[in-house]
Structure formats: C-alpha cells, structure tokens
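Order of listing sets the numbers, starting from 1, for every ligand and every atom in it. One is the number of the first residue; the rest follow in order along the sequence.
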Amino acid sequence: MGSLFLIFLLLLLLHLTDGVLVRGSMNTETSFDQNYEVTWGGDHVLSLNQGKEIQLTMDNSSGSGFGSKMAYGSGLFNMMIKVPGRNSAGVVTAYYLTSQGKMHDELDFEFLGNRKGKPYRLQTNVFVDGQGNREQRHRLWFDPTADFHNYKILWNQHQIVFYVDNIPIRVYKNKSNIGVGYPSRAMQIEASLWDAEWATNGGKTKTDWSYAPFKANFKGFDVSGCYVPNSSNNSQHCSSDNYWWNREKFWQLDPVRERQYEHVKHKYMTYDYCADRNRYPETPLECL
Ligand SMILES: *[C@@H]1O[C@H](CO)[C@@H](O)[C@H](O)[C@H]1NC(C)=O
Ligand SMILES: *[C@@H]1O[C@H](CO)[C@@H](O)[C@H](O)[C@H]1NC(C)=O
Ligand SMILES: *[C@@H]1O[C@H](CO)[C@@H](O)[C@H](O)[C@H]1NC(C)=O
Ligand SMILES: *[C@@H]1O[C@H](CO)[C@@H](O)[C@H](O)[C@H]1NC(C)=O
C-alpha cells in the first residue's frame with residue numbers, strides 16, 4: 001500500500017515537472033509592461049487586450065520592436081507569436097536573445113516571410129563572441145500566420161534548445177571542452193518586425209509594399225529567467241540549480257524529445273550550415 005502510494009506520488013511528480021517544460025511557467029495574462037518595453041518604432045506598436053498582447057506593424061516608413069527591461073543569464077524563454085500573413089516576402093519577424101557590444105552572444109528565431117501561398121521558413125542562428133554564421137532553416141508543420149504558436153529557447157550551462165510548440169528543432173550543446181564557443185553573456189529578450197532584402201528566395205523576391213502594413217502579434221510576457229542587473233557582470237549565480245531549468249533533467253533531451261528532434265531534422269529541415277560544404281569545406285567543430 002505504502003509503496004503503491006509512493007509510486008503514485010512519483011508519477012504525479014514526473015507529470016508535474018514535465019508540465020513545467022511543456023508549459024514553461026507561461027502565462028498569457030502577464031502584461032507587456034511588466035517585463036518589456038518598446039525599443040523601436042513606437043508609433044507602429046499597438047497594445048491589445050489590456051496590454052496582454054502586442055502588435056508590431058511595419059510599413060514603408062518604419063518597422064518596430066520591443067525588448068525586455070532586464071538581462072538574463074539563463075532561463076527558458078517563451079513567446080506566443082503569430083506572424084504576418086498574405087504576401088510577406090522580404091518581411092522578417094524576429095524573436096531572440098542578445099547581449100550588447102561587438103563580441104556579443106545571440107540566439108535567434110527569424111521567421112522569413114514569403115510570397116502569398118508559399119510557406120514561411122523559420123531560421124535559427126547562434127552567435128558567440130560576435131561570431132554567427134550558424135544558420136539552420138526549417139519548414140513548419142502548420143501555418144504560423146493562422147494562429148499563435150509557442151516558440152521557446154532553453155539556455156543553461158549544458159545546452160541551448162530551440163522549441164516550436166514544445167518540439168525541439170535545434171540543440172546547441174556546450175562543447176567548450178573541445179574548444180567550441182558557448183554563450184556566456186547576460187542577454188536581453190528582443191522581438192522585431194523589419195524589412196530584410198535577403199530574406200526571401202535568396203534576396204530575389206522583394207517586399208511588396210502594396211500589402212503593407214504588415215502585422216505580427218505577440219503574447220505570453222512572463223519570463224522564466226535568471227535576472228542579471230545590467231550594472232554588473234556577475235551572472236555566476238545563474239548556473240545554480242535553484243533555477244529549475246538548470247537541473248539535470250534539462251541537461252539533455254529526454255528519449256521522447258530526442259525522437260521528435262530526429263524526426264523534425266529529417267522531415268522539416270531545409271538548410272543546415274553544418275552540411276554546407278561550399279561555405280564550410282570542413283565540418284564546424286560544434287557539428288561533430
Ligand atoms: C508609402 O506608402 C504610402 C501609402 O501606401 C504611399 O502614399 C507613399 O507614397 C509611400 N512612400 C514611399 C516612400 O514609398
Ligand atoms: C560549459 O561547460 C563547462 C563544463 O564543461 C563549464 O565549465 C562552463 O561554464 C560552461 N560554459 C558556459 C558559458 O556555461
Ligand atoms: C539598465 O537597463 C535599463 C533598461 O534598458 C536602463 O533604463 C538603465 O539605465 C540601465 N541601468 C544601468 C545602470 O545601466
Ligand atoms: C563588464 O565587462 C566589460 C567587458 O568585460 C567591462 O568593460 C565593464 O567595465 C564591466 N562592467 C562592470 C560594471 O564591471
């Protein structure tokens with residue numbers, strides 16, 4: 001009886017802790033102002049639903065963007081995003097973490113718009129010490145313009161994982177033991193809507209301004225991150241396992257998510273710098 005109860009408790013606990021990853025502490029009730037502020041194109045930013053949702057717009061005069069008030073040294077960062085529909089060629093919606101300065105670290109989600117009827121590409125990138133060029137691109141298994149979906153970045157000392165609706169699409173491991181760079185600087189959370197010449201069809205398809213204004217919507221403004229005062233460089237405490245995203249469970253993918261990741265890699269990845277022998281005659285170290 002006692003041991004059955006223990007097993008029951010254990011299962012309950014597993015279920016609950018799994019729920020933490022599935023939902024993060026995501027709370028779509030948190031208002032934008034609590035953790036974020038407008039950083040660019042203020043007259044192109046619309047607050048909806050009592051500040052629980054934000055719409056960025058872009059027209060031929062400006063794009064727009066927002067960022068977190070705080071910087072973070074680790075965390076599981078969530079955002080619900082709905083990207084511009086219709087003809088979005090040349091339009092990029094970005095959700096990313098970045099530190100300041102030339103030698104910055106950065107973790108990117110970039111939604112590359114497309115002509116009407118053509119699917120978006122989701123590009124991810126990892127910068128360490130100002131060095132990026134680690135692009136991967138994926139098709140999505142849904143229409144990201146039709147509804148909100150959840151995009152997440154886990155960042156602890158062991159791995160960085162990009163998730164789409166809780167499915168891992170990219171894993172960047174800490175391989176500093178073989179000399180590969182790994183993000184270490186405190187980063188702020190940013191989002192923006194902008195016009196990028198290169199984004200669609202290798203730059204051959206330009207933005208069609210007759211479809212402007214372009215609109216991207218965001219919600220879910222709670223943050224599960226380790227706060228680093230921007231007046232200090234001390235982010236040592238951010239690797240503490242007092243923060244749940246640093247615990248052993250989050251050091252690698254579990255077998256179920258590992259299988260999902262392999263499936264996405266085979267079925268949905270359309271570009272991988274690791275396999276681009278024209279750019280990289282030798283496989284980059286972190287890809288081995
Ligand atoms: C921008 O768009 C507006 C409205 O469509 C148009 O009247 C204006 O001429 C455009 N400006 C430029 C510089 O293209
Ligand atoms: C990467 O992992 C090593 C241990 O292998 C650790 O000492 C280091 O702090 C980690 N780097 C970052 C930036 O978290
Ligand atoms: C910290 O960042 C906030 C928001 O970006 C800024 O207003 C404030 O001046 C910064 N504080 C310091 C000490 O740099
Ligand atoms: C933080 O580090 C940067 C570069 O390492 C340095 O220039 C800056 O003075 C440091 N700031 C503080 C408050 O220690």
- Do Q157 and ligand 2 have an N or O pair less than 3.5 Å apart? yes

- Message: Is it the case that the side chain of Y182 and the backbone of Q159 share a donor-acceptor pair, with hydrogens and angles ignored and the cut-off at 3.5 Å?
- Response: yes

- Verify the contact flag for atom 14 (O) of ligand 2, where contact means a protein heavy atom under 4.0 Å away. yes

- Message: Using a 4.0 Å cut-off to any heavy atom of P183, which atoms of ligand 2 qualify?
- Response: 13 (C)

- Give a yes or no on this: more than 12 heavy atoms of other residues, nucleotides or ligands lie within 6.0 Å of atom NZ of K82. yes

- Message: Within a 6.0 Å radius of atom NZ on K175, are there more than 12 heavy atoms belonging to other residues, nucleotides or ligands?
- Response: yes

- Task: Quick one: look up the protein heavy atom nearest atom 5 (O) of ligand 1 and list residue, atom name and how far away it is.
- Result: N60 ND2, 4.9 Å

- Where's the contact between S239 and ligand 2, heavy-atom distance under 4.0 Å: side chain, backbone, both or neither? neither

- Task: Check whether any side-chain N or O of D129 sits under 3.5 Å from a backbone N or O of G181 as a donor-acceptor pair, and report yes or no.
- Result: no

- Message: Go through it in stages, so that I can follow the logic: the residues are D33 and S31, the test is side-chain hydrogen bond (donor to acceptor under 3.5 Å, both in side chains), and I'd like the CA-CA distance, side-chain angles, deciding distance and then a yes or no.
- Response: CA-CA 6 Å; D33 294 338; S31 77; 5.2 Å; no

- Per-atom contact, atom 2 (O) of ligand 1, protein heavy atoms, under 4.0 angstrom: yes

- Item | Numbering as shown, the atoms of ligand 2 that approach S176 to under 4.0 Å (heavy-atom distance) | 1 (C), 2 (O), 3 (C)

- Item | K173, NZ: over 12 other non-hydrogen atoms inside 6.0 angstrom | yes

- Item | Nearest non-hydrogen protein atom, atom 10 (C) of ligand 2 | N174 ND2, 2.5 Å

